[in-house]
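The model shown is predicted, which means the values in this text are computed figures rather than measured ones. Counting starts at 1 for both ligands and their atoms, in listed order.
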Amino acid sequence: MAVNAGSSSIKFQLLDMPSETQITSGIVERIGSDNALFTIKFKGEKHVVETPIKDHGVGVSLILEGLIKHDVIKDINEIEGVGHRVVQGGEVFKDSVLINDQVLQQIIDLGEMAPLHNPANATGIKAFKAVLPNVPQVAVFDTTFHQTMTKDAYLYGTPYEWYTNYGIRKYGFHGTSHQYVSEKANQLMGRTDTKVVVCHIGNGASLSAVQNGHCVETSMGFTPLEGFPMGTRSGSIDPAITAYMSNKLNVSAQEITDVLNKKSGYLGISGLSNDARDIESAILAGNERAKLAFDIQAKQIADYIGSYYVYMGGLDAICFTAGIGENSPVLRQMIIDRLAVLGVKLDVELNKLRGERLISSVESKVKVFIIPTDEEVMIARDTMRISQD
Ligand code: ADP
């Protein structure tokens, strides 16, 4: 079972391994409220129940009872491993890991750097451990794939002691997705000595540069705020703006950081929505700020790709993934148009299609792919590998 626990939700998928077939998926939402929701999808049917869910423990019990009630499994012992997505693994975790009390404590301690995510991930782990005490639980981190970056890429130009004493460096996120997609790109190209850029563009968005299967650069940093504008995040800005705006608006630095995380990006620039579909419709209706939201993002993404081209000394493939990367021909075209100098060119007709495919034109010097991501499969693969070690 692949689990992604948030502060008030638990998303899950049950997969048959090693065939990697998805058996069922679902979500418990609004944990802590009297009208929480439990949704489970099985054999093409979707079942939704509204019920009070006091805490994550009750949510996990509901999921396991639901699996039996809907005949997904006959007995909870059929679940042979649980893999948990954990956002921040710091420099401690260079690989996924079997969870014991010490590992759980380290995940909680790393919550200092990821206060919105790690505590919630840890709560999910505890809830599953309580109900399935004899089943191996594995932590799969968003950060481990990026641990192969070298110091020139992961250190900032800040005092070195900030790194040694406080862990200030670039960690990167969405690692399971970047790994899944870059491995798939190598399979599609039939070799592993490659230079690949993965564009994971969803509500949260990041890029990675992957050379010979190893991550060498990524756009997110110490937190997921760094990089280019996303649904509600600003991406990188002049750091002096935080103190300046905190003064102007007479609010704390934390409140400015909240605006940069939650009210910027598509939402802040357009003033309309954080959803790419709304931005696209507004562009079609002639809304200039919506157009600007896509333009600013496309410009910055192209800048990153250009710098990765230089850093890796070339480029074999650009891969688009996640909600927007997989589904927005408009944004893909806007990005690739800005990369014409690299000899990259889309096939306009292929770019209109969906699903895993090559979308570059025959004369393009760099291949462009759409590769739907599958973070749950990565979690399930690691859970199987680690629990069998
Ligand atoms: P996250 O996992 O970060 O929440 P997703 O990867 O699910 O995000 O991506 C969500 C984004 O994908 C939303 O902005 C949504 O508008 C966009 N999206 C989904 N389908 C389409 C589509 N058909 N066209 C354009 N954008 C889409």
Could you check [atom] against the protein and tell me its nearest heavy-atom contact, residue, atom and distance included?
| atom | value |
| --- | --- |
| atom 21 (C) of ligand 1 | N327 CB, 3.5 Å |
| atom 6 (O) of ligand 1 | G323 N, 2.9 Å |
| atom 17 (C) of ligand 1 | I324 CG1, 3.5 Å |
| atom 8 (O) of ligand 1 | N203 N, 3.0 Å |
| atom 23 (N) of ligand 1 | R354 NH2, 3.2 Å |

Task: Any protein heavy atom nearer than 4.0 Å to atom 2 (O) of ligand 1 - done: no
Charged N-O contact under 4.0 Å between [X] and [Y]:
| X | Y | result |
| --- | --- | --- |
| R85 | D142 | yes |
| D295 | K299 | no |
| E280 | R277 | no |
| R354 | E326 | no |
| R169 | E91 | yes |

Is [X] in polar range of ligand 1, meaning some N or O pair under 3.5 Å apart?
| X | result |
| --- | --- |
| D275 | yes |
| I201 | no |
| A276 | yes |
| G202 | no |
| Y266 | no |

Name the atoms and distances for all side-chain donor-acceptor pairs under 3.5 Å in residues 35-45, with sequence neighbours left out.
residue	atom	partner	partner atom	Å
N35	OD1	S33	OG	3.0

- [ ] Give a yes/no on ligand 1: does G231 have at least one heavy atom closer than 4.0 angstrom to it?
- [x]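 Contact check G231 vs ligand 1: negative.
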- [ ] First locate atom CD of E226, then atom CZ of R233, and finally report the distance between them rounded to the nearest 0.5 Å.
- [x]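 CZ of R233 is found 12.0 Å from CD of E226.
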TODO: Please list, chain by chain and in numerical order, all residues satisfying side-chain hydrogen bond (donor to acceptor under 3.5 Å, both in side chains) with H84, sequence neighbours excluded.
DONE: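 H84 satisfies side-chain hydrogen bond (donor to acceptor under 3.5 Å, both in side chains) with Q137 once adjacent residues are dropped.
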- [ ] Could you check whether the rings of Y304 and F228 sit parallel, tilted or perpendicular, using 30° and 60° as the cut-offs?
- [x] perpendicular
Task: Side chain, backbone, both or neither: H200 near ligand 1, heavy atoms under 4.0 Å - done: neither
